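Structure record follows, encoded as structure tokens.
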Amino acid sequence: MATKKRYWLVKSEPDVFSYADLVASKNSTTLWDGVRNYQARNTMRDDMKVGDLVLYYHSNTKPPGVVGVAEVVREGYPDPTQFDPNDSHFDPKAKVEDPTWIVVDVRAKAELPEYVPLDALKANAKLAEMAVIQRGQRLSVQPVSAAHFREVLRMGGLKAADLG
DNA sequence: GCCAACGTTGGC
DNA sequence: GCCAACGTTGGC
């Protein structure tokens, strides 16, 4: 029995890895590596399931905002960068037999016809409770309610039906 | 570039 | 186990 689809938001700095970079990746898919926050790790390890949809948010840019939608295509597995001494995300305490950090694979699904800047999210009363607009919210992987997800899609000029 | 918010580290 | 110091995030 399929569990109900859930919705998420991931942040990425476009100078580091933009939505266009995701689209340009093999199969428009990448592993969401380098996350070094336990709460975000737990979300990827325990909660993100194949078929879940993800808002792709550009942070540290002007203006920050939601640029597109991605889909979870592989569930949690060990982040290889934690074992690579040459990688900036290397974690000397992580053990192969008991990995500390987890990734999921995400695939680009649809770019929003209209970019939805943070200002617009904040201006929408329906999104007042949305995590990403809360002051001091730094989580790079966070849950989004179905209603908030639909509203952001609508603001971006997409319908849920467009996502198949 | 600044700095507020927040998570982690480490001395005690 | 407390909490000050420190590093990072990310909007502005």
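The model shown is predicted, which means the values in this text are computed figures rather than measured ones. Letters go in sequence order (proteins before strands), and every chain restarts at 1.
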Comparing nearest nucleotides in DNA chain B, the 5'-proximal residue of the pair Gln39(A), Lys62(A) is Lys62(A)
Side chain of Arg135(A) - closest among dA4(B), dC12(C), dG7(B): dA4(B)
Hey, is the side chain of Lys11(A) poking within less than 4.0 Å of OP1 or OP2 on dT9(C), counting only N and O atoms? no
Could you give the CZ-to-P distance, from Arg41(A) to dG7(B), as a whole number of Å? 15 Å
Checking dG11(C), dT9(B), dC6(B) against the side chain of Lys93(A) (C-beta onward), the nearest is dT9(B)
Any chance the rings of Trp101(A) and Tyr38(A) have centres within less than 6.0 Å? yes
Quickly work out the Asp119(A) CG to dG10(C) C1' distance and round it to whole Å. 14 Å
Given atom CG of Asp15(A) and atom C1' of dT9(C), what is their separation to the nearest angstrom? 15 Å
What is the distance, rounded to the nearest whole Å, between atom OH of Tyr38(A) and atom C1' of dC6(B)? 16 Å
Check the distance between dG11(C)'s C1' and Tyr57(A)'s OH and give it to me in whole angstrom. 8 Å
Between dA4(B) (P) and Gln134(A) (CD): distance, integer Å: 20 Å
Ignoring hydrogens and geometry beyond distance, is a side-chain donor-acceptor pair present between Asp21(A) and Ser18(A) at under 3.5 Å? yes
Interatomic distance, Leu139(A) CG vs dG7(B) P [rounded to whole Å]: 8 Å
Separation of dG7(B) P from Trp101(A) CH2 (nearest whole Å): 13 Å
Do Leu53(A) and Val106(A) share a hydrophobic cluster, counting only Ile, Leu, Val, Met, Phe, Trp and Tyr and linking them when any side-chain heavy atoms are less than 4.5 Å apart? no
Salt bridge or not between Asp79(A) and Arg36(A)? Use side-chain N to carboxylate O under 4.0 Å. yes
